[in-house]
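What you see is a predicted model; the values in this text were computed from it and never measured.
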Amino acid sequence: MATQALAKMGERIPFVFDDFFKPWNEWFDDRVFPARVMNVPAVNINEQKDQYLVSLAAPGLKKEDFKIDVEGNMLTISSEKEVNKEEKDKKFTRREYSYSSFSRSFTLPEQIVKEKIEAKYEDGLLKISLPRKEEAKNPTAKQIAVK
């Protein structure tokens with residue numbers, strides 16, 4: 001009941017800080033600076049018989065923008081990108097800087113062959129192949145009889 005009352009009150013009374021920060025909110029609107037922030041990219045991990053396949057959606061980057069590290073049993077995928085844009089006209093010069101970065105880390109299973117990890121980037125998708133050790137490819141299945 002109290003939550004509904006607060007929600008209704010918020011609909012009737014404008015939030016004070018919205019008006020206070022309005023000029024700045026409009027100045028830093030995504031339409032003005034579309035590349036100022038990069039969200040953390042979505043990741044899919046697919047378990048296959050002989051490998052794990054990590055797919056990371058990161059459109060707009062180049063393969064040189066990625067840094068992939070394996071330290072111990074930790075796989076870290078990161079990217080940093082800085083863009084400088086300058087427009088010149090007779091009356092003004094406008095310079096915009098944008099910086100975006102992300103970092104994702106994953107704990108690797110013991111059965112991964114770290115020396116054979118491969119990465120490929122195409123069509124906005126970074127694919128990392130994590131091959132399994134031979135003994136992990138053929139798990140021994142055991143059927144238990146019910147007594």
Close side-chain approach of P109 and Y52, heavy atoms under 4.5 Å: yes
Note, R104 side chain near V40 side chain (heavy atom, < 4.5 Å): yes
Carboxylate-amine/guanidinium contact E110 R132, below 4.0 Å: no
Between CG on residue L125 and CG on residue N44, distance to nearest 0.5 Å: 8.5 Å
Note: K63-D65 ion pair, threshold 4.0 Å (strictly below): no
Min side-chain heavy-atom separation F102-P41 under 4.5 Å: yes
Side-chain heavy-atom pair S103, T76 within 4.5 angstrom cut-off: yes
Evaluation steps, side-chain contact (heavy atoms from CB on, under 4.5 Å), between F66 and L126: CA-CA 9 Å; F66 293 101; L126 177 68; 3.8 Å; yes
ILVMFWY network linking I45 to M74, side-chain heavy atoms under 4.5 angstrom: no
E64, CD: over 12 other non-hydrogen atoms inside 6.0 angstrom: yes
Minimum side-chain heavy-atom gap I68-I128 below 4.5 Å: yes
Inter-residue atom distance K133.NZ - Q111.CD, 0.5 Å rounding: 8.0 Å
Contact check, side chains of L53 and S55, non-hydrogen atoms, under 4.5 Å: yes
Euclidean distance, L108 CG relative to L130 CG, rounded to 0.5 Å: 6.0 Å
Spatial distance of atom CD (E134) from atom CG (D50) [nearest 0.5 Å]: 9.0 Å
Heavy-atom side-chain contact between F106 and V43 under 4.5 Å: yes
Any donor-acceptor N or O pair under 3.5 Å, side chains S129, E118: no
Heavy-atom closest pair, residues A57 and P59: C-CD, 3.7 Å
Approximate separation, where rounding is to 0.5 Å, of L56 CG and K127 NZ: 12.5 Å
Atom pair CD (Q51) and CD1 (I112), whose distance is rounded to the nearest 0.5 Å: 9.0 Å
